[in-house]
There are 2 protein chains.
Amino acid sequence: MQLINAEVITIGDEILFGQITDTNTQWISAEIDKIGIKTVRKSSVGDTREDIVNVLNESLKRADVVFFTGGLGPTKDDITKHTLAAYFNDELVINKEAEAFIKDFFEKRGREFTEINRQQAAIPSKCTYLPNKTGTAPGMWFEHEGKIIVSMPGVPNEMKYLMTYEVIPRLKEYFKTPIITHKIIRTIGIGESFLAEKISDWEDSLPSHIKLAYLPSFGQVKLRLTGYGDDFQVLADDIDAQAEKLRPIIAEFIYSFDNQELEESLGTILTENHETVAVAESCTGGYLSHLFTSVSGSSAYFMGGVVSYSNEAKMNVLSVKQETLENFGAVSEQTVTEMAEGVRKLMNTTYGIATSGIAGPGGGSEEKPVGTIWIAVSGPEGTIARKFLFMGQRSVNIQYGSVTALNMLRKLINRTLA
Amino acid sequence: MQLINAEVITIGDEILFGQITDTNTQWISAEIDKIGIKTVRKSSVGDTREDIVNVLNESLKRADVVFFTGGLGPTKDDITKHTLAAYFNDELVINKEAEAFIKDFFEKRGREFTEINRQQAAIPSKCTYLPNKTGTAPGMWFEHEGKIIVSMPGVPNEMKYLMTYEVIPRLKEYFKTPIITHKIIRTIGIGESFLAEKISDWEDSLPSHIKLAYLPSFGQVKLRLTGYGDDFQVLADDIDAQAEKLRPIIAEFIYSFDNQELEESLGTILTENHETVAVAESCTGGYLSHLFTSVSGSSAYFMGGVVSYSNEAKMNVLSVKQETLENFGAVSEQTVTEMAEGVRKLMNTTYGIATSGIAGPGGGSEEKPVGTIWIAVSGPEGTIARKFLFMGQRSVNIQYGSVTALNMLRKLINRTLA
């Protein structure tokens, strides 16, 4: 199996200086890994010709394909395409297709199409134009001495669009990449090491052409099965057979065999059951609603939510009793239970979920330290509340609390919430 | 002016293959930036001797200080310290201080102190031992031909501990560093290219020791002024003077001179004015509430929100009139106006914000294409609604819609919302 090596390079002082987080390189290496292209080096360099030329020279010594992101904006500090044009002894020319798209892009938004905008359509004459339907900076595909150099904007959604619809298909074609297929089994509620122990016999029994990887994230562990072979269908069947062997061993922790997010798989279940849900959020502050509504078509089962940050909102909108708040406090089993039941009644849904806790950094106490979160799920058969303690920063506690709330609903529906 | 250049290198296949997110390099470059050390290159390499030696050779050509994180675990695949020992023609010896600490570390946790644990105390004899009070892998400080090489564990909190208490103080002492200072001016409501045209004269007039960078993200553009010099106060004054020259040119678009997020700067204004806000969200689905509540202390001015995904929720919770929904539809000026006024009344706040639109990918029409979003802001002096058309994927439309809603409140408060 021919191994194809890649290097992923971000261009921009803002990443070098630590002003913004680079999420592009992780995404790119994970995506190309799926088609059998191995990342051998990642680099970040500044917006200077010398840095870009140096890193490209070094990368071409090691890699078959080089990905650039960044430095394609219209402003003076963005020099990637000029530098690449010079590197390949080429010149920038206005690409008519790009020009037409950018012109339309601005007109649709009722904004003036200026010369500086038009210049975004200028790309090296020898490169292949990669249409970017999500922004004004085109992608560029260079073939150079049997190697591929790709240049994309640094804006993550624009880069992802170009990778998905333009770059990955071309790479498969150009490098005749081997047949590789993946199946991702998503688990929640069990740590990586415990999971590894539980499934070690199964893992040891995997055939040599199927590899397992553990991908942990926010209280979840994704198990990725990767198969290498010549026949896609045979591979897919082999992998499905292994997944079926795994199922009974960790059934209670698996929420998806199709690499669906937890909120997506919940949506599928709720839709199939013709059931609906509403949420009442205190400490998660809207993030739980956001997870539900980030799924296209969620309006079929997600009726709405209430972010009851103030006690008044808890009482006036969710009908939480004043005595409950006075006697037990906002962060309590009693309050979160009344919130869940209140929003279920208010929105007239099958299920209600509620969160109330201390996201931090302030507001903690001996008795209720930062990270303390009560979560309740309410359904036709009653309401169950659980207390959790997350030890992260504010944003982390909010995310953990929201994902944990989703998992409690999953278990309530599965009747596995003891 | 002599700059101290640094390179930051992560070691580990899990970062290279995109299985985990690297947050270390951003944190390190931001921290050293504060003491005037400029990151000139970041790299990620795999757990192989060849990769580590190659990247170190390359880095020492460009940089005065090289930071390594990762590859210091006790397992076979962690080879950083062996590789560094070989590189410096040195050998690993048990550091007594490290050994005592690690032994104590395990005993305190009631875990057996094995030989493999003891070997974590083995470091190259010529390096300076950097005690790591947060874990079992020591930090290492090498001085080599006037340059510094630092090796730290990849676990973020261990790396941060070592940087803060051991590495940064040593770097300050070792290097006589120039001053680098940044000022970030945040703008919203104007595209990068239009901004660039508006301020090009000002940009061209910047003195040579002050550099400008554009950092665009979701309808916002951050302008970063970076000054290089020897006297912090002189530099800070120079940069402030340039910022003051810029202010009148783009006053209406600037929301922060202090690098605050829009939701933070709004929070500051609302707190100062003793005013409060509540939100009613349809298409943004909780994300607008999430932005408000992501700010620590937001409970002082953010009373709550309603995610009214269903028409029933719009009517029953927000008191939107049934005729309004029937006559104009959920995505309309009339509905979003009633939503904003409804939530303001419901939560008894100074301001109410509402969003209603088509996030997509489904639900679009000729008349109301995907990305159409109505936003209303309601205050003591009345309610103003605006229609926007965003052309991204679902997640992008949700983020644009939320940020635009924040900006409408900003303008309402500033009385610049015409």
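Letters A, B, ... mirror the listed sequences (proteins, then strands); counts begin at 1.
- Of the two parts of B/Glu14, neither the backbone nor the side chain holds a non-hydrogen atom closer than 4.5 Å to a non-hydrogen atom of chain A.
- Interface remark: A/Met303 contributes backbone and side-chain atoms alike to the contact with chain B (heavy atom separation under 4.5 Å).
- Taking NZ of A/Lys133 as the start and CD of B/Gln393 as the end, the distance is 13.0 Å to the nearest 0.5 Å.
- Between chain A and the options B/Arg62, B/Arg394, B/Met391, B/His182, heavy-atom pairs under 4.5 Å are most frequent for B/Arg394.
- For a residue to count as touching a neighbouring chain, one of its non-hydrogen atoms must lie under 4.5 Å from one of that chain's; by this rule B/Asp204 touches chain A with the side chain only.
- Interface remark: B/Glu281 contributes no atoms to any contact with chain A (heavy atom separation under 4.5 Å).
- Contact annotation for B/Val343: neither backbone nor side-chain heavy atoms come within less than 4.5 Å of a heavy atom of chain A.
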Hey, mind stepping through A/Asp78 and B/Glu192 against side-chain contact (heavy atoms from CB on, under 4.5 Å) and telling me if it holds?
-> CA-CA 12 Å; A/Asp78 289 313; B/Glu192 185 178 5; 3.8 Å; yes
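- Within the 4.5 angstrom heavy-atom criterion, only side-chain atoms of B/Glu58, from C-beta onward, approach chain A.
- Of all residues in residues 311-318 of chain A, those placing a non-hydrogen atom less than 4.5 angstrom from a non-hydrogen atom of chain B are A/Ala313, A/Val317.
- Between A/Phe17 and B/Thr39, the shortest heavy-atom distance links the atoms CE2-O, 4.3 Å.
- The contact between B/Ser200 and chain A is made by backbone and side chain atoms together, counting heavy-atom distances below 4.5 Å.
- Remark: side-chain polar atoms of A/Lys42 are paired, donor with acceptor, to backbone N or O of B/Ile15 under 3.5 angstrom.
- Chain B forms more heavy-atom pairs under 4.5 Å with one residue of A/Gly305, A/Pro74, A/Ser289, A/Ala30 than with any other, namely A/Gly305.
- Within the model, atoms OG of B/Ser193 and CD1 of A/Ile116 stand 6.0 Å from one another, a figure rounded to the nearest 0.5 Å.
- Other residues, nucleotides and ligands contribute more than 12 heavy atoms inside 6.0 Å of the CG atom of A/Asp104.
- Counting heavy atoms from C-beta on, the side chains of A/Asp13 and B/Arg224 come closer than 4.5 Å.
- Atom NZ of A/Lys38 has 12 or fewer heavy atoms from other residues, nucleotides or ligands within 6.0 Å.
- Looking at A/Phe106, only its side chain comes within 4.5 Å of chain B, counting heavy atoms on both sides.
- Aromatic ring orientation, B/Phe302 versus A/Tyr309: perpendicular (interplanar angle above 60°, classes split at 30° and 60°).
- Most heavy-atom pairs under 4.5 Å with chain B: of the set A/Lys108, A/Gln120, A/Glu158, this distinction falls to A/Lys108.
- The number of heavy atoms from other shown groups lying within 6.0 Å of CD (A/Glu115) is above 12.
- Chosen from B/Leu16, B/Val45, B/Thr25, the residue pairing most often with chain A at heavy-atom distances under 4.5 Å is B/Leu16.
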Audit row: B/Phe194, A/Glu112, side-chain contact (heavy atoms from CB on, under 4.5 Å) steps and yes/no | CA-CA 9 Å; B/Phe194 293 97; A/Glu112 185 196 358; 4.2 Å; yes
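- Among A/Val306, A/Val40, A/Val155, the residue with the largest count of heavy-atom pairs under 4.5 Å with chain B is A/Val40.
- Of the listed residues (A/Gly46, A/Ser294, A/Gly363, A/Ser308), the greatest number of heavy-atom pairs within a distance under 4.5 Å of chain B belongs to A/Ser294.
- Interface summary for chain A: among B/Gly392, B/Ser296, B/Ser282, the most heavy-atom pairs under 4.5 angstrom belong to B/Ser296.
- Of the listed residues B/Gly304, B/Gly362, B/Gly360, B/Gly191, the one with more heavy-atom pairs under 4.5 angstrom with chain A than any other is B/Gly304.
- Only the side chain of B/Met347 has a heavy atom closer than 4.5 Å to any heavy atom of chain A.
- Residue contact with chain A, scored on non-hydrogen atoms closer than 4.5 Å, is absent for B/Glu7.
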Would you check, one step at a time, whether the test side-chain contact (heavy atoms from CB on, under 4.5 Å) holds for B/Lys222 with A/Gln19?
-> CA-CA 10 Å; B/Lys222 295 188 227 169; A/Gln19 299 268 2; 5.8 Å; no
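- Atoms CZ and CZ, from A/Arg109 and B/Phe390 in turn, are 9.5 Å apart once rounded to the nearest 0.5 Å.
- In terms of heavy-atom pairs under 4.5 angstrom with chain A, the leader among B/Ser395, B/Ser299, B/Cys283, B/Ala6 is B/Ser299.
- With a 4.5 Å cut-off on side-chain heavy atoms, A/Arg41 and B/Val55 count as touching.
- Per-residue heavy-atom pair counts under 4.5 Å with chain B were compared for A/Ser298, A/Gly286, A/Ala280, A/Gly297, and the maximum is reached by A/Gly286.
- Proximity to chain B is limited to the side chain of A/Ala213, based on heavy atoms less than 4.5 angstrom apart.
- Between chain B and the residues A/Thr134, A/Ile398, A/Thr114, A/Asp33, the largest count of heavy-atom pairs under 4.5 Å involves A/Thr114.
- Proximity to chain A is limited to the side chain of B/Ile184, based on heavy atoms less than 4.5 angstrom apart.
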